[in-house]
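As structure tokens, the structure follows; a few thoughts come after it.
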Amino acid sequence: MNNAYLKKVYAQVEARDSHESEFLQAVREVFESLEYVIDKHPEWEENGILERFVEPERTVEFRVPWTDDNGKLHVNRGYRVQFNSAIGPYKGGIRFHPSVNLSVMKFLGFEQILKNSLTTLPMGGGKGGSDFDPKGKSDAEVMRFCQSFMTELYRHIGQFTDVPAGDIGVGAREVGYMFGQYKRITNRFDGAVITGKGIPFGGSLARTQATGYGLCYFSLEALKNLRNDSYEGKTVIVSGSGNVAQFTAEKCTQLGGKVVAMSDSQGYIYDPNGINLQILFDIKQKRRARISVYADEVPGSEYHEGCKNIWKVKCDIAHPCASQNEMDAEGAQALVDNGCMAVFEGANMPLNPEAIDIVKNNGLLYSPGKASNAGGVATSGLEMTQNSIRMSWSFEEVDEKLHGIMKNIYKACYDASVECGKPGDLMLGANVAGFLKVAQAMMAQGVV
Ligand code: NDP
Ligand code: 2IT
């Protein structure tokens with residue numbers, strides 16, 4: 001980072017939030033990209049745009065007490081970071097995972113500002129969650145937790161204020177329980193207050209598939225335009241086996257790719273014949289079991305302990321779809337050594353900075369999650385639209401709109417990379433294109 005203003009603001013963040021490593025990592029990546037445009041915008045410094053951009057408009061932290069099935073009391077910590085509302089109400093998912101802390105919430109909320117800007121829909125950036133671990137809990141325990149969480153959260157959200165959705169550990173079951181409690185407390189059927197709802201009560205068709213499908217639509221654009229290539233005949237690794245990973249694997253397969261490895265936090269499976277998604281979906285969606293079960297049931301497949309070793313499997317295309325910093329330098333180098341051609345992120349910040357450098361310096365195609373996983377939140381935006389007009393669109397209509405949005409995001413990132421003199425640097429393009437719109441809106445709205 002050479003620019004004095006960027007350096008000054010980054011140093012302030014570093015001093016103030018020194019213990020928030022994930023947040024600092026996200027800010028640094030974006031600031032390094034803004035270096036390419038900062039000289040053209042002296043008004044940003046005059047108006048403290050960056051100082052405001054790195055400070056959440058509001059952060060709520062609260063106690064979430066709940067009782068387990070044996071009557072024992074537990075207390076978790078809940079969060080909602082309302083980061084930036086320059087272009088629309090705060091929008092972003094809720095994560096339930098033991099690793100959740102303020103740094104993780106802030107990095108996700110910060111990324112969400114730029115991601116939502118790229119979708120072209122009117123959504124600001126936010127994120128929430130809790131260090132609650134849904135694993136091994138009964139449905140009744142999850143319900144009581146969600147109800148307690150919403151009993152505090154409800155006063156901070158609303159279709160014109162802040163609209164949560166799912167993320168790690170929060171899927172249709174949890175969204176349903178949270179929506180139910182919101183409705184009960186407020187006595188309002190306010191559909192657009194949360195997205196990712198079940199189809200019978202205002203959910204959008206294709207929202208479940210949207211992040212994974214959108215990732216493949218984006219990746220296909222990049223493959224086509226930058227390499228004159230496609231998924232046809234490609235060997236693919238998809239890390240994770242949750243919502244994003246499952247529908248990434250499904251769409252890659254439909255587009256002619258062969259997904260040979262997937263993982264969970266304990267280990268990965270390798271199936272040289274291509275992963276049987278019907279069996280995988282049954283294990284993950286119905287049985288909520290470990291991915292190791294797949295190898296017990298599918299002849300010819302293998303299970304290996306340790307999820308990070310998944311990157312050592314030979315592939316043409318890698319889709320990291322599990323969690324932040326899941327790929328380090330060793331993983332990235334293994335991909336390079338095995339002749340991988342592209343890494344397109346499904347998770348948020350899955351590559352650490354060293355891994356990004358290795359991937360980019362070796363000429364692999366690379367897209368950051370804030371661009372390539374934006375299909376999830378974009379379809380959440382489409383869910384809000386359907387709730388507002390009191391209509392629901394068909395699966396095909398939503399999927400087509402999603403496809404169009406992902407193509408546009410690719411184009412916006414590519415065009416910005418050209419303007420910055422680095423054609424094809426989609427990370428640079430995503431950060432610049434996402435930020436310019438937010439900065440413009442912040443400038444127009446004065447010092448707020
Ligand atoms: P899920 O909870 O459905 O699945 C998460 C998957 O990642 C599981 O397989 C989980 O394994 C694995 N995982 C979680 N933490 C780790 C870790 N620390 N190391 C290795 N594996 C891990 O979540 P989603 O699929 O919804 O989310 C995955 C990623 O995609 C996240 O980064 C999320 O922020 C991002 N994302 C999600 C969107 C959505 O619409 N859901 C939209 C855009 C991005 P295990 O079961 O063992 O915990
Ligand atoms: O990281 C993300 O973009 C999400 N978890 C989806 C957020 C949303 O509001 O749909």
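Each ligand, and each atom within it, is numbered from 1 in the order the structure gives. The structure presented is a predicted model; accordingly, all values stated were derived computationally and were not measured.
Nearest-residue assignment for atom 31 (C) of ligand 1 (options S239, G93, A322, S372; heavy-atom criterion): A322. Comparing heavy-atom distances from atom 33 (C) of ligand 1 across D167, V104, D133, V170 singles out D167 as nearest.
With a 4.0 Å heavy-atom cut-off, ligand 2 is reached by no atom of E111. Proximity of N348 to ligand 2, defined as any heavy-atom pair under 4.0 Å, is confined to the side chain (atoms from C-beta onward).
Note that K137 lies in the cation-pi zone of F132, set by a 6.0 Å cut-off to the ring centre and a 45° limit from the axis.
For ligand 1, one of its N or O atoms has an N or O atom of T211 under 3.5 Å away. Ligand 2 has no N or O atom lying under 3.5 Å from any N or O atom of N373, backbone or side chain. The N/O atoms of Q266, backbone and side chain alike, include none that comes under 3.5 Å of an N/O atom in ligand 1. Checking only distances, N348 does come within under 3.5 Å of ligand 1, N or O to N or O. Considering backbone and side-chain N/O atoms, S241 comes within less than 3.5 Å of an N/O atom of ligand 1. Where the criterion is an N or O separation shorter than 3.5 Å, residue side chain and backbone included, L108 fails it with respect to ligand 1. For ligand 1, the polar-atom distance check against A245 finds no nitrogen or oxygen pair separated by under 3.5 Å. Looking at K284 next to ligand 1, no N or O pair under 3.5 Å apart turns up. Any N or O atom pair closer than 3.5 Å counts here, and N243 shares at least one such pair with ligand 1.
Counting protein heavy atoms only, atom 6 (C) of ligand 1 is closest to G242 N, 3.9 Å. Atom 27 (O) of ligand 1 has as its closest protein heavy atom I168 CG1, 3.6 Å. Protein heavy atom at the shortest distance from atom 48 (O) of ligand 1 is K135 NZ, 2.7 Å. Protein heavy atom at the shortest distance from atom 6 (C) of ligand 2 is R207 NH2, 3.6 Å. S323 CB, 3.8 Å is the protein heavy atom nearest to atom 17 (C) of ligand 1. With hydrogens left out, the protein atom closest to atom 7 (C) of ligand 2 is G93 N, 3.5 Å, a heavy atom. Closest protein heavy atom to atom 2 (O) of ligand 1: G169 N, 2.9 Å. Nearest protein heavy-atom contact of atom 24 (P) of ligand 1 is V244 CG2, 3.9 Å. Nearest non-hydrogen protein atom to atom 45 (P) of ligand 1 is S265 OG, 3.5 Å. Looking only at protein heavy atoms, the nearest one to atom 44 (C) of ligand 1 is N373 ND2, 3.4 Å.
Using a cut-off of 4.0 Å between Lys/Arg side-chain N and Asp/Glu carboxylate O, R95 and D167 are scored as salt-bridged. Taking 4.0 Å as the cut-off between side-chain N and carboxylate O, D190 and K183 do not count as a salt-bridged pair. K224 and E221 are joined by a salt bridge, as a carboxylate oxygen and a charged side-chain nitrogen come within less than 4.0 angstrom of each other. Salt-bridge formation is detected for the pair K284/D264: a Lys NZ or Arg NE/NH1/NH2 atom is positioned less than 4.0 Å from an Asp or Glu carboxylate oxygen. At a threshold of 4.0 Å, the pair E61-R77 counts as salt-bridged, since one of the basic side-chain nitrogens sits closer than that to a carboxylate oxygen.
Of all atoms in ligand 1, listed by their number and element, those nearer than 4.0 Å to a heavy atom of H97 are 15 (N). The atoms of ligand 1 that sit less than 4.0 Å from any heavy atom of C321 are 28 (C), 29 (C). Under a 4.0 Å criterion applied to the non-hydrogen atoms of C307, ligand 1 contributes the atoms 20 (C). Taking a cut-off of under 4.0 Å to the non-hydrogen atoms of D167, the atoms of ligand 2 that pass are 1 (O), 4 (C), 5 (N). Taking every non-hydrogen atom of A347 and a distance limit under 4.0 Å, the qualifying atoms of ligand 1 come out as 29 (C), 30 (O), 32 (O), 35 (C). Shown in contact with A165 at under 4.0 Å from a heavy atom are these atoms of ligand 2, numbered in order with element: 8 (C), 9 (O), 10 (O). Listed by atom number, the atoms of ligand 2 under 4.0 Å from S380 heavy atoms are 8 (C), 9 (O), 10 (O). Interface of K91 with ligand 2, defined as ligand atoms under 4.0 Å from a residue heavy atom, comprises 8 (C), 9 (O). Within ligand 2, counting atoms from 1 as listed, the ones closer than 4.0 Å to a heavy atom of K115 are 1 (O), 2 (C), 3 (O).
The shortest separation from a heavy atom of M123 to ligand 2 is not under 4.0 Å, leaving the residue out of contact. In this structure, K127 has a heavy atom closer than 4.0 Å to ligand 2. Within the structure, the closest approach of G166 to ligand 2 falls below 4.0 Å when heavy atoms are considered.
Shortest non-hydrogen contact noted between K72 and H74 is O-CD2, 3.3 Å. Across all their heavy atoms, P164 and I94 have their closest contact at CB-CD1, 3.5 Å.
F62 and F149 have their aromatic ring centers within a separation under 6.0 angstrom.
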